[in-house]
Amino acid sequence: MLAKTTERYSPEEHTEAVSKILFRSGTGFPMWLQEFATNLATKYGGVQTTREFNTALRTFTSDKSKPFELFVVGEGNFGKSTLVNAFLGQELSKVHFLPETRSFLRFVALKTVDDKSTLFVRKEKGVHDWMTSQIGNGTPSKDLYEITEHQVSREVGDNILAEEAKRFKQDKSGYPLAVYEYETAFKHTPKCIFPPGLRLVDTQGLNQMFPKELIDESEKLDISTTGKRFEEWLNKTSRGKHLEWQFRRCDAVLWLAHARKSNSAATLAALRYFRQYGKVTVLAVTNLDRIQGGDEARTKVLAKIHETYGEYVTSVIPVNGKLAMEGVVESDKNKIAESGFYEITRYLTKTCIEKGDLVRSIGRYNSMRTSESQLHNALGIQESEYNYCIDLLASHRLYVSNEQKKERTRLISFMKVSTDECVVMLKRNISRINWQDDQTSVPGKLRVNDVSAALHGKSELFCKQLYDYVNSCVSAMGQEEYKLPTFDAEGARAHDSIRVEMRVREYRPELPRTIFSISLQKMGFFDRAKIWALEKLGVLFSASREKAENMKEDATRQNQQVVTKQVMALWIPHTEKTQGVLDKLVVQQFSQLNVRLDEIEKELEVQEGRALIITANELGDVLKDRVVPQVVPTVFVNMLRKKLGSLPYVSG
């Protein structure tokens, strides 16, 4: 609980008093705010942020002497440019091709002017070469993302805009507009309500800037849906991003609304979204004089506008731009008074001049805080994505290792079954060998090479199954993509900088083929003669016949044993060699997945140029706290106590 006093102030008075203490320095931005800007650049300079945000950091730490900037926006075709001309004291904002080029028009009032203007462009090579030939390459803008500045004569600047408008009209769907802003100085006169040096940025109407479908649908859709469509347009189009960029960097906003369009969903969506930048926003209501029904009807319309837009703007002021311009040109005070011009000029004078430093400091603080919040959101997603990729890599490597082990186990089982089947075939063939066979007749009965071919065929089937299985592993891993996001300057996900697909190639190994050469001697002449003689005697003597059969059986058994020994001496190394080739294939097929995972890791690391875990840890450290705190509970209270000793208003 803060200290109590007998004297109390309204919340508005309290807020204004505290704001003056906190944000006004008398020499531009207060020191603590400058320190925040420097700390922002220092802290986030160590991590890989978006180029857009790096530009924003430069904006916050750039030249503090740049002019106060009033940004003028609103739906078009109801006197916005006329009112701007009334502010400037002369007819300047009347370049008819600006709506076609979508350019913002900057005006700077100076005591002395020359014939120079500045173009702010984003050119594409091969498309805008005609422009480069006239204005050169320019210099990179410090405050605008990927924009180059070009100092040209007014004649050249006007001609460039006219040519842009011409080319765009001829090819609206294919020609990308290059000019984003056009700044021109004009001689300051007593009729200009602003002091020399103030910059006023006039825009084409929102109905010209927004895509037609957004304007059309905003009349049919609810505010939530319109708001989503509006944010999509901001995030996905260069013109949308540039509009938001101006809200980030400007000092105050003059927003024009038509009295007859007091419920524009597009305007409400835009006001709601841009409120996050905390800029002083004056809502000028035009065409109130066209409301039928007298003062009562006009009062109801104003009440409706207050109800619809009031919480998103600082002040609502009705004004007749046409009448105001006539009064300024004719120096007719009655017309000026009747138009409501005095009220809005008093408010803008107070905002832009009397409270200029205060308004700029508050706007700068809110932009810095919002920008850091947007960056924190982006970096938080980025950290999560990095950790996800790290975990996914580890998971996939473990998965590959486990699947490789499974396949090697399957190979052992496969070889046992296959060789057992082949041995059965061999034994069956060996059983056909008898006492009469020799190395000439054995191959025809043994058919070892056919058995070897059978094993070869089974091995080829294993290779095909292995490739299919590895592909199934790839498919299983491919369901989870490796990707790292990139973001625009507002922290919205722009796209994924890397999307990696797993892939596998089929290896065809050279499977071993062994020619089995069997050495088997034919039974000797005397043994064969003895068997012949015994068989002849066997007709008379059964003992002789039995002895002959025994000799044949012994000889057959001996031949089969000799053949078996030779066959198995060749067959076992053959199967071992085959298993070795297949085992090597298993390792090779899965190794390519590990190699691909290593490649993916390197591709992911390219974005930061260092190990993923280092980046993830650094992002985690950066996200622990923020540079720009909410000032109320910290700087706010401490400065009040230091200045006032005790607080004149009870809070807490």
Side-chain angles (χ1 to χ4, degrees), residues 70-96 98-99 105 107 109 186 189-194 198 200-208 252-264 266-268 270-271 280-310 312-353:
L70 178 65
F71 192 44
V72 184
V73 291
E75 295 186 37
N77 300 324
F78 49 80
K80 180 170 61 65
S81 295
T82 303
L83 183 59
V84 168
N85 287 327
F87 292 144
L88 302 178
Q90 51 190 298
E91 191 171 280
L92 293 171
S93 186
K94 194 178 181 181
V95 184
H96 297 297
L98 281 178
L105 186 57
F107 294 106
F186 66 96
T189 69
K191 290 185 177 181
C192 180
I193 71 166
F194 302 117
L198 184 139
L200 185 146
V201 181
D202 188 16
T203 66
Q204 74 273 26
L206 293 181
N207 55 326
Q208 296 161 327
V253 179
L254 176 62
W255 197 295
L256 277 77
H258 198 294
R260 291 180 176 177
K261 297 181 179 181
S262 58
N263 60 345
S264 169
T267 294
L268 183 56
L271 281 170
V280 171
T281 302
V282 181
L283 184 67
V285 181
T286 66
N287 293 282
L288 189 64
D289 56 303
R290 297 188 180 183
I291 300 296
Q292 302 296 320
D295 291 341
E296 183 178 351
R298 287 189 279 273
T299 299
K300 287 183 179 180
V301 169
L302 274 179
K304 176 64 176 176
I305 290 174
H306 271 283
E307 179 184 346
T308 305
Y309 305 125
Y312 308 111
V313 299
T314 313
S315 180
V316 178
I317 303 174
V319 63
N320 185 324
K322 183 175 181 296
L323 191 62
M325 184 60 187
E326 291 175 359
V328 170
V329 172
E330 300 168 9
S331 298
D332 188 330
K333 294 183 178 180
N334 291 328
K335 285 187 176 182
I336 293 175
E338 184 182 347
S339 69
F341 192 64
Y342 282 138
E343 285 76 10
I344 196 167
T345 54
R346 276 197 295 267
Y347 196 94
L348 290 177
T349 299
K350 185 177 181 181
T351 298
C352 303
I353 304 170

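Here the structure is a predicted model, which means the values were calculated and not measured.
- Summarising the geometry of Ala109 relative to Cys192, their closest heavy-atom pair is CB-SG, 4.4 Å, with the distance given to 0.1 Å.
- Between the side chain of Thr308 and the backbone N or O of Ile305, no donor-acceptor pair lies under 3.5 Å.
- With sequence neighbours excluded, no residue satisfies salt bridge (charged side-chain N to carboxylate O under 4.0 Å, His left out) with Glu338.
- For the atom pair CG of Leu105 and OG1 of Thr203, the computed distance is 10.0 Å after rounding to the nearest 0.5 Å.
- In summary, of the residues considered (Leu200, Val280, Val282), a side chain to side chain contact (heavy atoms under 4.5 Å, CB included) with Leu348 occurs for Val282 alone.
- Here the side chains of Leu83 and Val319 are in contact, with some heavy-atom distance below 4.5 Å.
- Proximity of a side-chain donor or acceptor of Arg298 to a complementary backbone N or O of Arg290 within less than 3.5 Å is not detected.
- Checking side-chain atoms of Lys322 against main-chain N and O of Thr82 turns up no donor-acceptor pair under 3.5 Å.
- The aromatic rings of Phe341 and Phe87 lie parallel to each other, their planes meeting at an angle below 30°, with 60° marking the opposite boundary.
- Phe186 places a side-chain heavy atom less than 4.5 Å from the side chain of Leu88.
- One distance of note links OH of Tyr347 with CD1 of Ile317; it measures 6.5 Å at 0.5 Å rounding.
- The 12-atom threshold is exceeded at NZ of Lys191, counting heavy atoms of other residues, nucleotides or ligands nearer than 6.0 Å.
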